[in-house]
Amino acid sequence: EKIKEAFNRQANYYPFPQPNLDNALVANRNAKVTVIGFTGRSPDKVAVTLRLRSEKNTLVVVPSKENEQFKDEIKEFGVIAWPGIDPNYYFKLQFPVIKTFGSNASGFRVIFTPVANQGPGQPALKATGSPLESIERVAKLTFEVKKPLIYLKTVIRTIVKGLIAAEGKKQMQKNTDDLTGALLSLATDIAVDVSENADLRISHFFPAQASIADLDIAPGVYNVVVEYYTKNGSVVFRDEKGEIEIKKNDLNLIESFYLE
């Protein structure tokens, strides 16, 4: 009932049908087996940066974003005419965003082939996994709840820091010669840039999605293989679990991973 309630009340976290668990607790003469398959990589945080620098009557805007190597990459910049704006203002805003990776596999199927004590000619048993939890979606939606406050703090901190730095540069330029003042202003801008960084901490210990397959089979020894396949049915990975003894009234839990 709790699982049904979760799927009904938080449908945005579960963009897939609820797994059929009606027979999970119904006793019979067979053994109950649960296979859980974990796929994909956990999401990551990357930084999106916006640098603003004022010149005389002009505002220079330089956006950048982390590339695949997690290095800040600048592809373009803009210049906005702003009559009357004072020069020497420099602001760096850096925001964290969630980047999801998904998985090459869209699902899995498990194959149980009897190898002993099953009688001759017993066919292999197959079951297909159903999505149980989108861990990457939960991480992303949880971050979205916190994002407005994170972004607001970033904007306030950046503005305060930029205004203090601008006032400091004015005082330095008044009390030094032009060259020294320019060098000190540059050093101040570098200090502002280096000190303003988005919080990119995130756990990397979780997969993207968990799926489950439940089935009832006769107790015995089986050769177990978990196959992961793409949307068009092509197998991308076979996890050969080897021979596993399935026992009645025991916890027959099999875990499998394909973290791509």
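All values below come from the heavy atoms of this structure, side chains included, with hydrogens, waters and symmetry mates left out.
Residue K56 holds its NZ atom at 13.5 Å from CD1 of I85, rounded to the nearest 0.5 Å. Annotation: the span from E66 atom CD to Q94 atom CD amounts to 7.0 Å, rounded to 0.5 Å. Atom-to-atom distance recorded for T180:OG1 and N175:CG is 11.5 Å, nearest 0.5 angstrom. Here F38 contributes atom CZ and F206 contributes atom CZ; the two are 10.5 Å apart, rounded to the nearest 0.5 Å. Here L125 contributes atom CG and L215 contributes atom CG; the two are 7.0 Å apart, rounded to the nearest 0.5 Å. The CG atom of L251 lies 7.5 Å from the OG1 atom of T34; values are rounded to the nearest 0.5 Å.
I244 is not connected to I111 by any chain of hydrophobic side-chain contacts under 4.5 Å among Ile, Leu, Val, Met, Phe, Trp and Tyr, and they are in different clusters. V97 and I150 fall within the same hydrophobic cluster, where Ile, Leu, Val, Met, Phe, Trp and Tyr residues are linked whenever their side-chain heavy atoms come under 4.5 Å apart, directly or through other members. Cluster membership check: V224 shares its hydrophobic cluster with I246, using side-chain heavy-atom separations under 4.5 Å among Ile, Leu, Val, Met, Phe, Trp and Tyr. Each of F101 and F257 belongs to its own hydrophobic cluster when Ile, Leu, Val, Met, Phe, Trp and Tyr are linked at side-chain heavy-atom distances under 4.5 angstrom.
Note: Y258 and F237 have parallel aromatic rings, judged against thresholds of 30 and 60 degrees for the angle between ring planes. The aromatic rings of Y222 and F112 sit perpendicular to each other, their planes meeting at more than 60°, with 30° as the lower class boundary. Note on ring orientation: taking the six-membered ring where Trp is involved, the planes of Y89 and F91 are parallel (angle under 30°, cut-offs 30° and 60°).
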Problem set entry | Audit row: E73, K65, salt bridge (Lys or Arg N to Asp or Glu O under 4.0 Å) steps and yes/no | CA-CA 5 Å; E73 189 175 55; K65 187 176 181 179; over 6 Å; no

Exercise. Hey, mind stepping through D193 and Y90 against side chain to side chain donor-acceptor pair (under 3.5 Å) and telling me if it holds?
Worked result: CA-CA 9 Å; D193 196 281; Y90 180 73; 2.5 Å; yes

Problem set entry | Stepwise side chain to side chain contact (heavy atoms under 4.5 Å, CB included) test for E196 and K161 | CA-CA 9 Å; E196 183 58 39; K161 189 184 297 184; 3.0 Å; yes

Exercise. After noting the C-alpha distance and the side-chain angles of L132 and S211, does the key distance pass the side chain to side chain contact (heavy atoms under 4.5 Å, CB included) rule?
Worked result: CA-CA 5 Å; L132 179 64; S211 300; 5.7 Å; no

Exercise. When you look at Y14 and E133, which way does the side chain to side chain contact (heavy atoms under 4.5 Å, CB included) test go after all the steps?
Worked result: CA-CA 7 Å; Y14 299 99; E133 189 77 73; 3.3 Å; yes

For this session: Just do the side chain to side chain contact (heavy atoms under 4.5 Å, CB included) check on I254 and K241 with the steps written out, would you?
Result: CA-CA 9 Å; I254 300 173; K241 310 302 292 187; 4.2 Å; yes

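With hydrogens and angles disregarded, no donor-acceptor distance shorter than 3.5 Å links the side chain of Q209 to the backbone of T39. No side-chain donor-acceptor contact under 3.5 Å links S185 to the backbone of L183. Of the possible polar contacts, none joining the T100 side chain to the G102 backbone as a donor-acceptor pair under 3.5 Å is found. Put simply, the side chain of S103 gets close to the backbone of E260: a donor and an acceptor are under 3.5 Å apart.
Checked for salt-bridge contact, K248 and D250 miss the test: no charged N lies under 4.0 Å from a carboxylate O. Between D44 and K99, none of the side-chain N atoms (NZ, or NE/NH1/NH2) sits under 4.0 Å from a carboxylate O, so this pair counts as no salt bridge. Classification of K92 and D189 as a salt-bridged pair fails, no side-chain N sitting under 4.0 Å from a carboxylate O.
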